[in-house]
2 protein chains.
Amino acid sequence: MGISGVGASGTGIGALDKVDRETMGARVYRDLRNLIMAGQVSPGDRLTIRTLAAALGTSMMPVRDAITRLAAEQALEVLPNRTVRVPIMTRARFEEVRTIRLMLEGHAVETAAAIVTDEALARIGALHEEFTAEHNTGDPDPAALIRINKDFHFRIYEAAAMPALLQIIEGLWLQIGPVLNFDLRSKSKRLSERVALHHHGDLLDALGRRDGPAARAALAGDIVSAGDFILRCGSLV
Amino acid sequence: MGISGVGASGTGIGALDKVDRETMGARVYRDLRNLIMAGQVSPGDRLTIRTLAAALGTSMMPVRDAITRLAAEQALEVLPNRTVRVPIMTRARFEEVRTIRLMLEGHAVETAAAIVTDEALARIGALHEEFTAEHNTGDPDPAALIRINKDFHFRIYEAAAMPALLQIIEGLWLQIGPVLNFDLRSKSKRLSERVALHHHGDLLDALGRRDGPAARAALAGDIVSAGDFILRCGSLV
DNA sequence: AGCCGCGATATGTTATCACAGTTCCAGCCC
DNA sequence: GGGCTGGAACTGTGATAACATATCGCGGCT
């Protein structure tokens, strides 16, 4: 690797590293993942490699990689025809995932409560305020709310310092991502957000008191109430 | 779909379906997965696509698919150099995975205890007897013991009827597969097997009594004792 | 003798192409 | 007119080749 090829802005040698150190496959993966997480694809939608490749301006290979990876993470589903689609969430599967989330994310917040630093706590509090502010505007942006909510939760989970657990939780969120946003985007969401705000506040307080059980209880309330809302929507088969 | 292309043995039309309905990528994936699960590759081993492709008699593409999938499941690890290797298990990571296993597999056996059928119980009991018999031979085959042990556990987990949970547990076993067998193959394993036998018996009894908490306790004993054995081996960095 | 630079080798990445199975629609026969 | 058949278009799979980068070793310079 030479110094030749000045590729970054700014002066100084230390400022020109990390030029496009990302493969196209990784970029496609990230794009598709964000698409799924944000619920901008609906359960049941079929994806074709060539179409995606054309839309993203690449060849089939990076798209193949990304789809293979997402399918391995259960974020996409391959039918016996070899075609891939966004998985359709059944009621049973949704409830099963919720049960697992209560265990795993419950353990994460309880662990986080024991060892969270004040700095992390401050960042989490800032996200909570951001979430509250966005909610108090006249017309909250659903995409922003979902992003802030995700950051709020995962900052707490990261504070548990359990990387393997964090990975599994991310996989679960990826699985429920489509249905989550699919409903939150359409239905009247005022009520569910109010209670989410309430649970988030309780969770933040419990973390501040380093009260693990209380934190777990608050998170459970958040997960259960949000899940009940989805279940009441009746859009699950 | 035409009738042309007689490809299966046996007479009658209905007997010729499902000829080679498996892609090469799936076969390579399964082979590599078994290799990892059986611990026939050691943590830190580097894998190259071309070498594997040559060894398996295919091109790079199916190998690429399989590796991408295994990397997504954390069964393989991609270094910043883009080279892939069998992940190196640290002590902290091993203990974290064990903690997660205690939660998830504990919940699985507790659920299974509530709804397990007599038929499933009989199959599980048969596996336990097979495990005992293999252990009582003068020279037990490590590979057979590991296979039977895995079947025993997963038959129980399947009885819980939680497919998403089962998938996650399989991922965890895939992660600890290498170190598990790596040690069990070399060190004196007589003691650990004895206690495994004991815990399996307790677990089976508890399932027969439909006693969920007892089943969870027996499984916890199995996981903790096996984990302690690995940790005492001192081969974890 | 030690260190730097350069090139050879190895390896992952991407593109392009050929092939097989599937889907879908038009046209034809009954 | 309806159902069946035929083919055309579509789509995933596998192979091969071109390319970029990383790794390692050799040779020359200091």
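Hydrogens, waters and symmetry mates play no part in the numbers below; they use all other heavy atoms, side chains included.
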Test item: B/Val116 and B/Ile156 side chains (from C-beta on) under 4.5 Å apart, heavy atoms: no

A/Arg46 CZ - C/dC24 C1' separation (whole Å): 12 Å

Side chain proximity check, A/His107 to A/Leu165, heavy atoms < 4.5 angstrom: yes

A/Lys150 charged N/C atom sitting above A/Phe154 aromatic ring, 6.0 Å / 45°: yes

What pairs of nitrogen or oxygen atoms, one from the protein and one from nucleotides 12-16 of chain C, lie under 3.5 Å apart?
from   : atom 1 : to      : atom 2 : distance (Å)
C/dG12 : OP1    : B/Leu47 : O      : 3.4
C/dG12 : OP2    : B/Ile49 : N      : 3.1
C/dG12 : N7     : B/Arg50 : NH1    : 2.8
C/dG12 : O6     : B/Arg50 : NH2    : 3.0
C/dT13 : OP2    : B/Arg64 : NH1    : 3.2
C/dT14 : OP1    : A/Met24 : N      : 2.4
C/dA15 : OP2    : A/Ser59 : N      : 2.9
C/dA15 : OP2    : A/Ser59 : OG     : 2.5
C/dA15 : O5'    : A/Ser59 : OG     : 3.4

Audit row: A/Arg46, A/Glu77, salt bridge (charged side-chain N to carboxylate O under 4.0 Å, His left out) steps and yes/no: CA-CA 9 Å; A/Arg46 288 203 298 273; A/Glu77 183 183 17; over 6 Å; no

Test log, rule side chain to side chain donor-acceptor pair (under 3.5 Å), inputs B/Tyr29 and B/Glu22: CA-CA 11 Å; B/Tyr29 169 77; B/Glu22 187 183 34; over 6 Å; no

